[in-house]
Amino acid sequence: MMNYRLLALTLAVAACGRGSGGSPTCGIAFLAGPSLITQQLGNARAVLTDPPRGVPDSLPALVILQKTRDIGAVLVGRDGEGRISMQYRGSGFPQHGYGLLVVDDTSQRTMGVLTLDTEEPQGHPAIGTIIGGTVALNLYGVRVDWASVSNPRCPILGAATPPQPRS
């Protein structure tokens, strides 16, 4: 019996060390990354006041609810005023909250969108909307040092997006 427990423990430790999606490192990154990103809303230099250029037609999206997290995608467009208009595809879209467009401050690439089931940031301009079903939430934007908030072995928003041309 003791040998089976030792074998199970050894296999569990080996699996955690591979950087797999179920590892403790990925679990911590998945919890800490979105928190670090939303903290950037407190840095006025990091907050986007206008929609960025070169946003791809589709982006990964992470919905963060009180007890769950769902990964989906958004289809990106522009409204008549040039603001970003996103249509969420996936499950678990919140009934209130806000969307947060994440841009890497080094490459200026748009990395994806977080949708949070919490109160909107105060004093920041919305750069568009994100729509899930019949619910429309304000969209804000923030620049982050992507390498410091997302581990390449277990990225917050899934696989990396291809490089975007600068416009």
Side-chain angles (χ1 to χ4, degrees), residues 27-152 154-167:
I28 291 169
F30 199 60
L31 292 172
S35 178
L36 291 170
I37 292 168
T38 57
Q39 284 177 6
Q40 283 297 92
L41 286 167
N43 176 356
R45 290 182 175 175
V47 175
L48 299 177
T49 56
D50 294 307
R53 296 176 189 234
V55 178
D57 294 339
S58 179
L59 288 168
L62 175 63
V63 174
I64 302 172
L65 300 172
Q66 293 284 334
K67 297 181 181 182
T68 64
R69 292 169 187 244
D70 292 306
I71 295 179
V74 292
L75 300 177
V76 180
R78 299 276 178 157
D79 65 16
E81 298 172 4
R83 293 170 20 122
I84 297 172
S85 178
M86 297 182 168
Q87 182 67 45
Y88 178 75
R89 302 284 187 226
S91 62
F93 196 80
Q95 295 300 303
H96 60 35
Y98 66 97
L100 187 59
L101 185 69
V102 181
V103 176
D104 179 24
D105 66 358
T106 303
S107 67
Q108 299 306 311
R109 286 180 28 208
T110 305
M111 305 310 291
V113 180
L114 299 179
T115 305
L116 300 107
D117 183 17
T118 186
E119 294 198 27
E120 292 185 50
Q122 299 298 310
H124 297 302
I127 60 170
T129 56
I130 182 169
I131 302 164
T134 60
V135 178
L137 304 177
N138 283 326
L139 178 70
Y140 300 89
V142 68
R143 286 185 188 88
V144 300
D145 177 6
W146 188 248
S148 70
V149 298
S150 182
N151 182 336
C154 41
I156 297 169
L157 295 167
T161 58
Q164 301 164 16
R166 292 188 185 204
S167 303

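- Under the rule for a side chain to side chain donor-acceptor pair (under 3.5 Å), Asn151 has no partner lying at least two apart in sequence or in another chain.
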**Ile156 vs Ile37, side-chain contact (heavy atoms from CB on, under 4.5 Å): CA-CA, chis, key distance, verdict** = CA-CA 11 Å; Ile156 297 169; Ile37 292 168; 4.2 Å; yes

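- In this structure, Asp105 and Val144 have side chains that are not in contact, with every pair of non-hydrogen atoms separated by 4.5 Å or more.
- Remark: the backbone N or O of Asp145 is paired with a side-chain donor or acceptor of Ser148 at under 3.5 angstrom.
- Taken from CG in Leu41 to CD in Gln122, the straight-line distance is 11.0 Å, to the nearest 0.5 Å.
- Every pair passing side-chain hydrogen bond (donor to acceptor under 3.5 Å, both in side chains) that includes a residue from residues 130-141 is listed here, sequence neighbours excluded: Glu120-Asn138, Glu120-Tyr140.
- Residues that satisfy the side chain to side chain contact (heavy atoms under 4.5 Å, CB included) test with Asp79, not counting sequence neighbours, are Glu81, Arg83.
- In this structure, CE in Met86 is found 10.0 Å from CG in Leu75, a value given to the nearest 0.5 Å.
- Shown here are the side chain to side chain contact (heavy atoms under 4.5 Å, CB included) partners of Glu119, two or more places apart in sequence or in another chain: there are none.
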Validation: residues 87-104 side-chain donor-acceptor distances under 3.5 Å, sequence neighbours left out:
| residue | atom | partner | partner atom | Å |
| --- | --- | --- | --- | --- |
| Gln87 | NE2 | Ile131 | O | 3.4 |
| Tyr88 | OH | Ser91 | O | 3.1 |
| His96 | ND1 | Asp117 | OD1 | 2.7 |
| Asp104 | OD1 | Thr106 | N | 3.4 |
| Asp104 | OD1 | Trp146 | N | 3.2 |
| Asp104 | OD2 | Ser107 | N | 3.3 |
| Asp104 | OD2 | Ser107 | OG | 2.8 |

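- You'll find the side chain of Leu62 stays beyond 4.5 Å of the side chain of Val113, heavy atoms only.
- Using a 4.5 Å heavy-atom threshold, the side chains of Ile71 and Leu157 count as separate.
- With hydrogens and angles ignored, the 3.5 Å screen pairs no side-chain donor or acceptor of Ser85 with any backbone N or O of Arg78.
- Summarising the geometry, atom CE belonging to Met111 is positioned 9.5 Å from atom CG belonging to Leu59; distances are rounded to the nearest 0.5 Å.
- Val142 places none of its side-chain heavy atoms less than 4.5 Å from the side chain of Leu48.
- Nearest heavy atom pair, residue Gln108 against residue Arg143, reads OE1-NE, 3.5 Å.
- Contact of the Thr129 side chain with the Leu137 side chain is not registered, since no non-hydrogen atoms from C-beta on lie closer than 4.5 Å.
- Looking at heavy atoms from C-beta onward, Ser58 lies out of side-chain contact with Val76 at the 4.5 angstrom threshold.
- The minimum heavy-atom distance between Pro155 and Ser150, with the atom names listed, is CA-OG, 3.3 Å.
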